[in-house]
Amino acid sequence: MGRPAIFWDRDGTLIEDRGDIADPSEAVLMPRTKEALARLRDAFDFYIVTNQSGVARRTITREQAESVNARVARELDVRNVYTCPHRAEDACECRKPKPFFLRKAEREHGVDLARSWVVGDHPSDAELAAAVGARAVYVLSGHGGKHRADLKTACEVVDEIGAAAEHIACAHAADTLRAGGLVAFPTETVYGLGADAENEAAVRRIFAVKGRPETHPLIVHVAGGAALDGWASAVPDVARRLAARFWPGPLTMILRRAARVPDAVTGGQGTVGLRVPAHPMALAMLKHFGGGVAAPSANRFGRVSPTTAQHVRGDLLGDVDFVLDGGACAVGVESTIVDLTGAEPAILRPGGVTREALEAEVGRAVPVRTGGEVRAAGMLTSHYAPRAEVVLASPDEAEPRAAALRAQGRRATSIVFRGSAEEAAHGLYAALREVDAGGFDVVVVGVPDERGLGLAIADRLRKAAHR
Ligand code: TXA
Ligand code: MG
């Protein structure tokens, strides 16, 4: 199978459309172009296909058009630029929407057109994609708004290149899952390492990559509450209420599993963990995919969970087929896991939905049942740990104790959370990772108050401190 590619239109898509541009200094990148392309670079080769009819009209020379191409290609690391210098009346064989250049890229660079995309601000860009069985994204930048009424080809329509890149990335993540691949994806809590939940071989690869024991079950991520009955059986009313109240959001419900859930996902248990994540890119990926995505956090077993795409790349690069980059996770600690298979709901892992909010919805106290029998990986007493030793203290004592350790010759630092519990949760894992990156061998952490999100933070810190 060849590499997938993205064929970008130049004027009005990558750079501002200023008519015939004769000089590279006149080429102005659209806002967000660099970031947009950065999200896709690992998975796609980039090409530009551009009609430069000014050459035939003699308003610019071919050399001038090509000097502008060269500057854009260099700045954006584009593999090849295909330029048609003719006018529509010339009826040449390479002018868009004729697929001449796409076929050439297929032949000369082994591009897999079926997994490729065309992005442009003219209906001919969408027709170009359709002509070779590729997909298109139509941008309303440049002349996109003006020509929109002429757009007859089915394709995604977005405002600008950043949204185009996001759409392609989410669809590519779904394609990768469908092909049995592993995708790291953002959620509102932490990044997940996902596989098609119904593909046992793909699910087993997750355990291999994470180094996680196969008996520790995975959460199945779905696109909406409507999937409850497809993945669980004998769903109690309280589960429907919690889904309506907290999904999409950081709540995982443990329910009796439906027959389609393979043993590889549940570790052979008769229950399944289900969750609808709130990150828009996770939801878009799940909608494109259509099925369930089994995913633990995208870190090696026992280590600190990743809350940025860079964390994931640092931990797992080479072992994942695609990293869907959705920026920093908003919540920063994992979902709350609620067991709904017993007589009464119980919290197995405190997380992004607070105990207080859960109790308000359930209408009575919900006990926290961590520790005891180890049913879940996140319930092992040692977990979420940086390489440095973690020592817990009250917020006031943390820095003085770190200073005392330094006086004894240890490379010690401290973490004290100021501000809200939400801010503390958001920065927790990044702060623990920085301890390792800074070369410290011990960190003294001030444990916050256990109300609200503080309960989840304190839980993670106790596990990180346990050796
Ligand atoms: O926020 C989250 O929950 C993140 C994101 C990626 O969704 N996921 C996550 O997955 O933290 P993981 O695998 O690192 O932790 C999930 C926990 C594990 O402790 C697992 O054993 C438990 O959920 N779990 C999954 N299915 C279960 C089941 N059927 N019964 C009991 N525990 C279960
Ligand atoms: Mg254009």
Side-chain angles (χ1 to χ4, degrees), residues 182-195 197 203 206-207 209-222 231-233 246-258 261-279 281-283 285-286 292-307 311-312 315-316 324 326 329-342 346-353 369-384 425 428-429 453 456 459-460 463:
L182 297 190
V183 173
F185 65 98
T187 80
E188 78 283 29
T189 59
V190 301
Y191 273 74
L193 175 63
V203 170
I206 293 179
F207 289 93
V209 165
K210 266 196 76 112
R212 170 156 155 162
E214 299 214 352
T215 49
H216 290 169
L218 304 178
I219 296 171
V220 176
H221 298 71
V222 292
W231 292 91
S233 62
F246 295 110
W247 282 355
L251 180 72
T252 297
M253 297 199 266
I254 307 296
L255 297 160
R256 304 256 153 246
R257 71 165 156 177
V261 185
D263 282 338
V265 170
T266 68
Q269 300 188 61
T271 58
V272 62
L274 291 179
R275 145 165 150 83
V276 179
H279 195 293
M281 289 177 72
L283 286 174
M285 176 190 82
L286 288 165
V293 174
S297 52
N299 53 286
R300 306 270 180 213
F301 185 62
R303 316 249 39 122
V304 179
S305 299
T307 52
H311 293 163
V312 175
D315 288 359
L316 300 179
L324 183 61
C329 301
V331 176
V333 291
E334 294 83 350
S335 61
T336 301
I337 302 179
V338 188
D339 183 1
L340 299 174
T341 63
I347 294 172
L348 302 186
R349 179 179 73 182
V353 167
R369 221 174 52 213
T370 59
E373 184 199 359
V374 176
R375 281 182 67 187
M379 294 169 68
L380 291 176
T381 46
S382 174
H383 215 72
Y384 310 106
L428 174 68
Y429 290 142
L453 272 185
D459 170 77
R460 303 304 187 273
K463 284 166 183 157

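When a ligand or atom number is given, it counts from 1 through the structure's own listing order.
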Worksheet item: Going by an N to O cut-off under 4.0 Å, is there a salt bridge joining D339 and R369?
Response: yes
Using a strict 4.0 Å cut-off to heavy atoms of [X], name the atoms of ligand 1 that fall inside it.
X    : result
T189 : 1 (O), 2 (C), 4 (C), 5 (C)
E334 : 1 (O), 2 (C), 11 (O)
I337 : 17 (C), 22 (C), 23 (O)
H221 : 5 (C), 6 (C), 7 (O)
G192 : 6 (C)
T271 : 28 (C), 29 (N), 30 (N)

Worksheet item: Which pair of heavy atoms, one from M285 and one from F185, lies closest together, and at what distance?
Response: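 Closest pair (atom of M285, atom of F185, distance): CE-CG, 3.7 Å.
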Between the side chains of [X] and [Y], is a donor N or O closer than 3.5 angstrom to an acceptor N or O?
X    : Y    : result
R275 : T187 : yes
T252 : S335 : yes
S305 : E334 : yes

Worksheet entry | Heteroatom proximity flag, T187 to ligand 1, N/O under 3.5 Å |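 No - when backbone and side-chain N and O of T187 are compared with those of ligand 1, no distance drops under 3.5 Å.
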Worksheet item: Should R257 be listed as contacting ligand 1, given a heavy-atom distance under 4.0 Å as the test?
Response: no
Practice prompt. Please state whether V272 comes within less than 4.0 angstrom of ligand 1, counting heavy atoms only.
Written response: yes
Discussion item. Can you tell me which portion of R349 lies within the under-4.0 Å heavy-atom range of ligand 1? Options are side chain, backbone, both, or neither.
Written reply: side chain
Discussion item. Can you tell me which portion of R212 lies within the under-4.0 Å heavy-atom range of ligand 1? Options are side chain, backbone, both, or neither.
Written reply: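 Within the 4.0 Å criterion, R212 contacts ligand 1 through side-chain atoms alone.
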Practice prompt. State which residues pass ring pair (Phe, Tyr, Trp, His ring centres under 6.0 Å) with Y191; sequence neighbours excluded, sorted by chain then number.
Written response: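 Y191 satisfies ring pair (Phe, Tyr, Trp, His ring centres under 6.0 Å) with no other residue.
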Item to complete: Keeping the roles fixed (side chain from K210, backbone from A298), state whether a donor-acceptor pair exists under 3.5 Å.
Response: no
Worksheet item: For V331, which residues count as a side-chain contact (heavy atoms from CB on, under 4.5 Å) partner, sequence neighbours excluded?
Response: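 By the side-chain contact (heavy atoms from CB on, under 4.5 Å) rule, V331 matches E188, V333.
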